[in-house]
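Inspection log for the structure reproduced underneath, given as structure tokens.
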Amino acid sequence: MTTLLTNARLIDPEGLTETTGSLLIENGLIAGIGDAKAPKDADIIDCGGKCLAPGIVDLGVKIGEPGERHKESFRSAGLAAAAGGVTTIVARPDTNPAIDNPETLEFVTRRAAEACPVRIRHMAALTKGREGREMTEIGFLLDAGAIAFTDCDHVVSNTKVLSRALTYARSLNALVMGHPQEPGLSAGAATTSGKFASLRGLPGVSPMAERIGIDRDMGMVEMTGVKYHFDQITTARALPPLERAKNNGFDVTAGTSIHHLTLNEFDVGDYRTFFKVKPPLRSEDDRLAVVEAVASGLIDIISSMHTPQDEESKRLPFEDAASGAVALETFLPAAMRLYHAGQLTLPQLFRAMALNPAKRLGLPQGRLAEGAPADLVLFDPDAPFVLDRFTLNSKSKNTPFDGQRMEGRVLATWVAGEQVFKAEA
Amino acid sequence: MTFRARHLLGIEHLAPEEIRTVLDLSEKYVELNRRTVKHSDALEGMTQINMFFEASTRTQASFELAGKRLGADVMNMAMQHSSVKKGETLIDTALTLNAMHPDLLVVRHPASGAVDLLAQKVNCAVLNAGDGRHEHPTQALLDGLTIRRAKGRIQRLTVAICGDIAHSRVARSNLILLGKMENRIRLIAPPTLMPSGIRDLGCEVYEDMREGLKDCDVVMMLRLQKERMDGGFIPSEREYYHRYGLDAEKLAHAKEDAIVMHPGPMNRGVEIDGELADDINRSVIQDQVEMGVAVRMACMDLLARNLRAERGRQAVGVMV
């Protein structure tokens, strides 16, 4: 099976370049790039000058299996991912029960393989039940295919437990992902403290809680030597300690979410619970600082932090409503806001959305290069549309972008050379 | 006369002239309430439901009396003991009540924003009787009326709001109302009870009470909301009283004719000296209670007028 994609604007996140040319897919791999010639039997697809980039590798997607399949199944998440240009889902273990033993991991691996049209890899919990008391069977879980270990938004507050888990993970060269947050300060918070939280009468958390969290975690990294990734850095004050750690040669990387890059605290408006995420949306100054950190490469990875919630969990007073937003399908259009604002170039965006996460996880994806897997997304960065949340493939429709004007549409998605999505003309 | 609002959810949504309309109409109801026969037929035949998801004696009694004096059929529902306990969501409760065709819904709820949420789901007028730490509009309006009657105006006054501002919806509504009426507002509280970023809302912030009270026309004390505190905001009540409790000595820093207000219920000896609270020359606390009934009558009257007009338009098929 050979396919030649011609007349494409090729987005190369490794060389940070954009060129026009063609791309040849053979046996699920990229076989040629630039002025590749096709064999006679090849399917030829004219990309019409639109952008062709490596498919998004989305680190930190919540899927409702097991436990909350009514919110999202592997099937619905996979369809949403394909429609959003996400070719590798890295699923979170904050399910119910948590993915904290090899049996549960095998269950989700099998379910995903049956139902999901895009690639999917699973993370496992760092502590049993994500309760922060006992480490999980990190060795067995690695053998069963766990790609990283995280308790997601639960912070392991007992540093003794954490130091042992990190030391053990280091001995197996496992990647650990942490949520930088001081749990005492952030307890009960629904917004970032400040003028907006005060006016709305909502409990807020100081942005310092993130900085204290990152400082503590850096101490633990220095102590144990573990490979560590911060899931979401969302404030300006957390950036200097991150920079110091990287300069000191620790094996740390950092991510942020697409919502924290494109929205700020004022978007909550009159208690709109679809804008309630964790950590809460920040001030505009913080947002801009984080965008800049992505551009400079200090923040390595952008994730969707896709978190499906049903209407019942969201149609509540703001403080009681569940946190999280779906984002697999709106990830790329939202990212285009940063491109159109002139803040990030397309290669920079795909470096953070595809190349860096793949590199961090030791995956061959994320590159437009010969021999790399043919996981690709074709998109039009300028196509305008108004988002209607009921058109989303996710079972849950809790997107903050409902009714908003977006620019940027996915036209087609390939996984291992197979087309898994094609936009209706 | 202008008053366009469909619901009274907060002072934030009111224009200064709408506030003036409420206060002017309230004056008429103050007079009515002082007569022996205190009856009007403004809400004749209408149904008013008071839904209190949080315990309240004073506000609920005030709303009940206001509704009855206007001729409405008033029903009180103490929600903290009812279906909420059985797991019903706020929206379902709202839809259930909506099916009973109430005309006015008076709601108090412990969560900020809950009354806004409820108002989206019903087709009657909703009055916010306090939602979490967000707003308590009728309290701010009755405070405004009390100030206007005592001082002869509600512009260009220096008003100090003192005490537990972080947990107070009364403080927020008053801050907005007094700001809209162009007054100088000072907030006085220990820093642990001062909401962050509040300075940006156009007020002066003081940690020292004597400094903050200097030359004030109005001193508004707030109740220390022990039930909303999850520990450790102040070292002790006696230290709080020493530093932030209003007594004659601290009040001497304000203007000679400054009035003392308190939304009630008071913690005597915690935020206010008992004798001072009873001093009829300085304290207008009893007046506030009286104004409360009149202001609530005015608000419900105005909302009922808008509701009738809207239903009339719907009945003849005018596009709204």
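Lettering of chains follows the sequences in order, A, B, ..., and the numbering in each one begins at 1.
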Greater than 12 external heavy atoms within 6.0 Å of [X]'s [atom1]:
X	atom1	result
B/Glu182	CD	no
B/Arg243	CZ	no
B/Arg199	CZ	no
A/Arg389	CZ	yes

> Checking B/Ile165 against chain A: side chain, backbone, both or neither under 4.5 Å from a heavy atom?
Replying inline: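 Neither; nothing under 4.5 Å.
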How long is the straight-line distance from [atom2] of [Y] back to [atom1] of [X], given to the nearest 0.5 Å?
X	Y	atom1	atom2	answer
B/His134	A/Leu202	NE2	CG	8.0 Å
B/Arg133	A/Ser198	CZ	OG	9.0 Å
A/Tyr271	B/Ser112	OH	OG	5.0 Å
B/Leu9	A/Asp270	CG	CG	9.0 Å
A/Glu312	B/Thr89	CD	OG1	7.5 Å
B/Leu90	A/Asp320	CG	CG	9.0 Å

- Query: Taking all non-hydrogen atoms of both residues, which atom of A/Leu199 and which atom of B/Ile176 are closest, and how far apart?
  - Reply: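 Scanning both residues, the minimum pair turns out to be CD1-CD1, 4.3 Å.
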Contacts of A/Thr192 that satisfy side chain to side chain donor-acceptor pair (under 3.5 Å) - sequence neighbours left out:
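Applying side chain to side chain donor-acceptor pair (under 3.5 Å) to A/Thr192 gives A/Arg282.
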Is there a salt bridge (charged side-chain N to carboxylate O under 4.0 Å, His left out) between A/Arg200 and B/Glu12 once you walk through the steps?
CA-CA 10 Å; A/Arg200 285 283 174 273; B/Glu12 198 187 347; 3.1 Å; yes
Report task. Could you have a look at B/Ile198, B/Leu175, B/Leu201 and say which one has the most heavy-atom pairs with chain A under 4.5 angstrom? Result ->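 It is B/Leu201.
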